[in-house]
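Remarks on the structure that follows.
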Amino acid sequence: MMKKKFTIVLLQLTFCLGAIASDLKTADPKDIALTPVQNNFRNKIDLAGIWKFQIDSLNVGATEQWFNGLNDFRQIAVPGSWNEQFTDLRDYLKCVWYETETYIPSSWKGQQIFIRVNDATYAAKIWVNGIPVGQHEGCHVPFAFDLSSQIKWDAPNRISIQVENILSPGRVPTGNVAGASFQNFPGSNYDFFPYSGLNRTVLLYSLPAEAYVKDITVRPGFEGTTGKLDVLVEQEGSESSGKVIVSGFGQEITTPVTFKNGIANTIVEIPNVHLWSPETPDLYNVTVMLGNDKKTIDKYTLKTGVRTVAVDENHILLNGKPVFLKGFGKHEDFPVIGRGSAYPVMIKDFELMKWTGANSFRTTHYPYDEEFYNMADREGFMIIGETPGVGLIFGGDSIMLAQRQKALRQYTQEVILRDKNHPSVIMWCLANEPNDKASLGKLSGRRKTKAEREKTYKLFEEHFKLAKTLDPTRLVIYVGAMMAPNDWFKLTDVIAINRYWGWYTTQGNIKLGGEVISKELDKLHRKYKKPCMVTEFGADCYAGMHSEELEMFTEEFQTEFIKTYLDVAESKEFVAGMHVWNFADFKTSQAIMRFGGYNLKGVFTRDRKPKMAAHFLRSRWNSKSEELNSENKK
Ligand code: GCB
């Protein structure tokens, strides 16, 4: 009897596991190309609010069919990181389940219904009404699935999302790397807290069933006073005709297009074009309509700008003229919210960046909520858009290495698909401080042989080739620290380095730090003949700590450190940008170097109060002499 019961349970379990493994589709990056919008042809519902939440530390939820309803749940706010909302879950990174219910308006009947999760860090699986929908791996990038066949009409629909953020050497960013130089708890091999869960909103949206615009790629350029927008449209369906309408500044230019195999391409000329720049962040509407004069099937409008980006030996050129990038590396990080989207904080950050006189930032160390890019487009900020490629180690176990390579390829595709039409994004950063060590266990161990180094170079080169193929219009960089050979800079458009001479090395000696960075920049430029940027430099500062003589951790030291680096940059024509690390103090895993579990290199505190360095930057970046200096460099 016992044996029979056991066999039945086993069969049920096998069936259940089988169903889960085979029925969860993997997300198709192509489905995230266009941000869901509301218009006459498309609908969307934002599922932000209070959801049910249950931890599943033994990972039994799928076999016990928690997708049929959570029984022992607490409440959680979405968006938001679970680590900040619960007193007992700060360091918990294993499996959890989220659940919510929603009606789908009957007016959506006959349309294709999708779900879009804007960030589930790190891996997620979705069920709707207990039916498996799909899965995605990777943090801070959206994914979407077609739910049309799983939903119920005239009844609530249960949406169940399982998420886990287990740190692993095979994931990107990497975690729990044995023998890594960075030893902390939780074991992130990166210097920001591994905030987990549904950090951004979840949307339901509908698309016309007959055919819909799946992707629009706008590549801008200009000749003289005429703008040229190369517009590529991809549709899902077999509609043969459509039009592209470009409008703005009193003009409306309509171009009919014909689709062949679902693709249409046209070049729209804009006379007397308004170019996008930090001083004039002028945006055009690009509307794509599917259908003919009698019937419109779908319509999608995006905002974009006309501008070009290039480099010469010394400068980054925006619209053919040198620009100097003044700004910060940042984080999406705030008390209680963790890495969750919080638009008041975002607006405040833009206000504070403008207050300092900054004109750019890098989305360290992952792509941010899409609203950051919309804001930057409108406010005239130049963005270095970064993938989550942090802690990339080009060594160790070959299976893990292959997993990391795969993850970076996927991220590059997802990030470019999502953000390619933003004029504010002038550069892609594929990786922050990749590491070329031979093995994971002995990170400071033996150097690679020449053959091994050549192999790694090829692996890294693949990512640059992919980025340039997907987007030939932007600059592509990686940000180098000491752990990678300099010849990787052969791959980049701009030499970008993170340096802390005077802080982690030559500790406390800012003057010496300044001399070292100066010589290093000269050497790099002499060798590679490319414009250079210091994409990170800074010192931790405990707000309110002071000293008469310069002393580490004080406001005076941080200010002097930043000033010294800016002075060095100002003396060199080929330095095209300086990004202070960091805009604001932020949460990290616990480590001896992270007082209270914070990186204190912010020029603002975590709650956005200015330190002395923020006031210094404000006077420096807004001063006439600074403007003259930037002018002279041109
Ligand atoms: C770096 C990393 C950044 C760290 C920073 C620091 O080079 O890119 O993630 O937070 O140094 O403060 O140590």
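The minimum heavy-atom distance between Thr121 and Val163, with the atom names listed, is O-CG1, 3.4 Å. Taking all atoms of both residues into account, the shortest heavy-atom contact from Pro367 to His140 is CG-O, 3.3 Å.
A cation-pi arrangement, defined by a distance under 6.0 Å to the six-membered ring centre and an angle within 45 degrees of its axis, is present between Lys601 and Tyr500. Cation-pi contact between Lys587 and Phe192: absent, since separation from the ring centre below 6.0 Å together with deviation from the ring axis within 45° is not met.
With sequence neighbours excluded, the residues forming a side chain to side chain contact (heavy atoms under 4.5 Å, CB included) with Lys303 are Leu283, Asn285, listed by chain and number. Among residues two or more places apart in sequence or in another chain, the side chain to side chain contact (heavy atoms under 4.5 Å, CB included) test is passed with Glu164 by Cys95, Ala123, Ile166, Arg171. Residues passing the side chain to side chain contact (heavy atoms under 4.5 Å, CB included) test with Pro186 are Asp91, Leu93, Leu167, Phe193, Pro194, Ser589, sequence neighbours excluded. In this structure Arg608 satisfies the side chain to side chain donor-acceptor pair (under 3.5 Å) test together with Asp349, sequence neighbours excluded. Take Tyr195 and apply the side chain to side chain donor-acceptor pair (under 3.5 Å) test, not counting sequence neighbours, and it matches Glu84, Arg606. Applying the side chain to side chain donor-acceptor pair (under 3.5 Å) criterion to Ser518, with sequence neighbours excluded, gives Lys572. Residues passing the side chain to side chain donor-acceptor pair (under 3.5 Å) test with Arg499, sequence neighbours excluded: Glu520. For Tyr542, the side chain to side chain contact (heavy atoms under 4.5 Å, CB included) partners at least two apart in sequence or on another chain are Met545, Phe595, Leu600. By the ring-ring contact (aromatic ring centres under 6.0 Å, His included) test, Tyr411 is found to be paired with no residue, residues two or more places apart in sequence or in another chain being considered.
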**OP:** Go through the steps for Met353 and Phe350 under the test side chain to side chain contact (heavy atoms under 4.5 Å, CB included), then give the verdict.
**Re:** CA-CA 5 Å; Met353 284 195 287; Phe350 272 93; 4.2 Å; yes
Original post:
Between Phe464 and Tyr478, does a side chain to side chain contact (heavy atoms under 4.5 Å, CB included) hold up when you go through it step by step?
Top reply: CA-CA 9 Å; Phe464 281 80; Tyr478 83 94; 4.0 Å; yes
**OP:** Quick one: do Leu566 and Arg620 satisfy side chain to side chain contact (heavy atoms under 4.5 Å, CB included)? Show the steps, please.
**Re:** CA-CA 9 Å; Leu566 291 184; Arg620 173 92 176 213; 3.6 Å; yes
**OP:** Determine, stepwise, if the pair Asp471 / Trp428 fulfils side chain to side chain donor-acceptor pair (under 3.5 Å).
**Re:** CA-CA 9 Å; Asp471 182 1; Trp428 304 115; 2.8 Å; yes
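In this structure, Arg200 pairs ionically with Glu332, as a charged nitrogen and a carboxylate oxygen lie closer than 4.0 Å. Between Lys354 and Glu351, at least one side-chain N (NZ, or NE/NH1/NH2) sits under 4.0 Å from a carboxylate O, which counts as a salt bridge. Ion pairing between Lys511 and Glu515 holds under the 4.0 Å rule for side-chain N and carboxylate O.
The closest side-chain donor-acceptor pair between Asn184 and Asp191, if any, does not fall under 3.5 angstrom. Under the 3.5 Å distance criterion, with hydrogens and angles disregarded, no donor-acceptor pair is assigned to the side chains of Thr605 and Asp585.
Phe394 and His463 have perpendicular rings, their planes meeting at more than 60° on a 0 to 90° scale where under 30° would count as parallel.
Identified under the side-chain hydrogen bond (donor to acceptor under 3.5 Å, both in side chains) test for residues 484-494, with sequence neighbours left out: Lys468-Asp493. Within the structure, every pair that satisfies the salt bridge (charged side-chain N to carboxylate O under 4.0 Å, His left out) test and touches residues 361-374, not counting sequence neighbours, is listed here: Arg116-Glu370, Arg362-Glu386, Arg362-Glu536. Residues in residues 541-566 take part in these salt bridge (charged side-chain N to carboxylate O under 4.0 Å, His left out) pairs, two or more places apart or across chains: Lys563-Asp567.
For Tyr92 and Phe86, the ring centers sit 6.0 Å or farther from each other. The distance between the ring centers of Trp581 and Phe561 does not fall below 6.0 angstrom. Taking the centre of each ring, His579 and Tyr565 stay at or above the 6.0 Å mark.
Heavy atoms from other residues, nucleotides or ligands lying under 6.0 Å from NZ of Lys529 number more than 12.
For the side-chain hydrogen bond (donor to acceptor under 3.5 Å, both in side chains) test with Ser424, the passing option among Asp419, Asp377, Asn374 is Asp377; the others fail.
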